[in-house]
Amino acid sequence: MKSLFTALSLLWFCLTPSFLPPADPADVVFVNGNVYTVNEKQPRAEAIAVKGDRIVFVGSNANAKQFQGRGTRVIDLHGETVVPGMTDAHYHFIGVGQREMNLNLEGITNLEDFLAKVKERVDRTKPEEWVTGRGWIETFWKPPVFPTRWDLDKISPNNPVFLTRADGHGAVANSAALKIGGVTKESKDPFGGQILRDKQTGEPVGMLLDNAQGFVSRHIPAPTQAEIQQAIILANKRSIELGLTQIQDPGGSYRDVDLYKKLYGEGKLKLRIYKAVYGPGPEAKRLLSEGPIIEAFGNRFNLRTIKVVSDGALGSRGAALLAPYSDTPDSSGFLRVKEEDLLPMLKEALQKGIQVETHAIGDYANRFILDEYEKALNAVPKSERKIAEPRWRDEHSQIVNPIDIPRFAKLGVIPSMQASHAIGDLHFAPSRLGMKRLEGAYAWQSFIKSGVIVPGGSDAPVERGEPMIEFYAAVARKDIRGFSGEGWHPEEKVTREQALKMLTIWPAHAAFEENVRGSIEVGKLADLTILSADIMRIPEMEILKTHCVMTVIGGEIVY
Ligand SMILES: [Zn+2]
Ligand SMILES: [Zn+2]
């Protein structure tokens with residue numbers, strides 16, 4: 001009986017294609033793929049058919065045949081792994097392009113090499129012209145301390161120098177630059193920023209945190225339109241080569257928006273961008289009055305979000321903490337936004353259906369922003385909101401007091417997190433925070449268990465901005481050499497299925513796009529990332545060696 005049943009079902013399986021009505025031929029059919037769909041109803045497949053910019057079939061090689069007509073291009077994937085087109089939920093797009101163009105100080109492991117690299121640039125620069133760069137981080141220097149103005153003065157006594165730390169929340173300036181910025185012993189710290197000073201003399205040491213960077217940075221000639229356009233084109237190329245099909249760009253201005261629109265119009269920008277503009281302030285006001293841009297340029301461009309920055313970063317001790325830093329007992333960091341500016345904007349955003357996302361690193365900043373969101377949500381009931389569930393986001397949700405974690409699900413706030421921050425910060429977070437506060441730090445699994453989704457991003461150019469690093473960091477919770485310190489809460493790592501969702505369906509949901517993107521399903525946009533290895537099965541360390549072999553956006557093979 002059993003064998004008869006098997007024989008019959010085998011027969012049925014073989015005959016199935018011819019029983020199905022012939023379908024409209026597809027433009028492209030991908031066959032022999034190792035497909036992970038992120039669709040719970042049909043998790044695995046071999047073949048995908050695409051017509052126009054949409055997926056018209058997902059299933060077996062045999063059943064895909066009905067979509068192969070005369071003009072159909074058939075692509076044999078030879079068993080390669082296919083996942084839904086990956087998204088980076090926090091990716092400073094223009095910054096990524098500028099990193100490719102400017103003095104890049106990433107990966108330098110000591111002060112001498114740092115100074116040598118800067119000197120090389122100073123020597124090639126005309127007298128009195130600015131030397132700017134980005135990407136240094138002192139974590140592995142011995143000792144791990146910030147460079148000073150006096151270090152830089154030795155290699156650049158005349159040219160003003162301004163070098164941004166990798167996290168973008170601090171920069172070191174030499175004496176010539178501080179002079180142009182008018183930064184002296186007498187200068188007061190601005191709101192939301194700090195001038196680091198010599199403990200004995202009170203003299204500024206050259207490090208400027210967060211809003212204090214503005215003293216100097218406002219004197220640096222702004223990049224030209226042509227330079228920004230070049231940065232966008234470089235960032236587009238780099239991103240799609242890494243397998244990204246959308247990036248969510250947290251912050252910026254209408255200047256960026258206009259350039260994106262121009263380049264989409266000219267067909268030079270292929271990547272999908274989910275854009276935000278900064279607020280409170282004039283950019284946010286404009287978005288609130290003009291209204292959102294949704295699904296423009298073939299679903300490639302959305303602008304419906306205001307980005308708020310509520311504190312600084314942990315590495316530079318600007319993150320706002322409930323209790324002082326363990327390694328600097330006279331500092332608890334600082335907030336960078338005031339309630340009187342924020343709350344009216346939040347209420348208006350609810351009335352007008354505008355999403356808000358807020359950078360919050362420290363446990364105080366996270367509690368503050370949850371409180372502000374809660375006040376606005378209570379003040380504007382669902383009946384008065386344009387969108388009842390506004391899907392507001394908390395960018396980073398990095399150090400959260402455990403009692404605040406359940407509030408995210410309760411308020412409907414989405415923690416948008418960066419796995420790679422945890423594997424970079426593990427080298428200094430314990431000394432900044434002490435062991436106790438690590439309990440609610442980078443607590444991905446606690447968040448997921450509390451009933452929220454966790455979109456994953458890299459915060460590039462703060463981190464490299466490579467989806468395979470993010471995927472590895474989320475599942476391993478170890479640095480790229482396989483190291484993780486004592487007490488680094490390995491229970492907070494995620495499964496591979498969860499990590500894949502962090503880079504696909506969860507960012508889609510956080511962008512109101514779960515019905516059109518984020519999984520490989522009939523009717524959705526044909527965004528696919530094809531990888532050199534099966535990241536759902538290979539040993540952890542091999543994830544870092546995996547690369548993208550093909551990127552498909554809206555049915556078009558863009559890489
Ligand atoms: Zn941030
Ligand atoms: Zn950021």
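Counting convention: from 1, in listed order, for ligands and their atoms alike.
For His427 and Phe483, the distance between ring centers is under 6.0 angstrom.
For the Zn ion (ligand 2), the count of nearby protein N/O/S atoms, taking only those under 2.8 Å, is 3.
Residues Pro467 and Leu244 approach most closely at CG-CD2, 4.0 Å, considering heavy atoms.
Under 3.5 Å, the side chains of Gln229 and Lys268 contain no donor-acceptor pair of N or O atoms. In this model, a donor atom of one side chain and an acceptor atom of the other lie less than 3.5 Å apart for Arg336 and Asn211.
Between Arg407 and Asp371, at least one side-chain nitrogen of the basic residue sits less than 4.0 Å from a carboxylate oxygen of the acidic one, meeting the salt-bridge criterion.
Screening residues 454-463 for side chain to side chain donor-acceptor pair (under 3.5 Å) gives Asp88-Ser458, His90-Asp459, His92-Asp459, His421-Asp459, His421-Glu463 as the qualifying pairs, with residues at least two apart or on separate chains.
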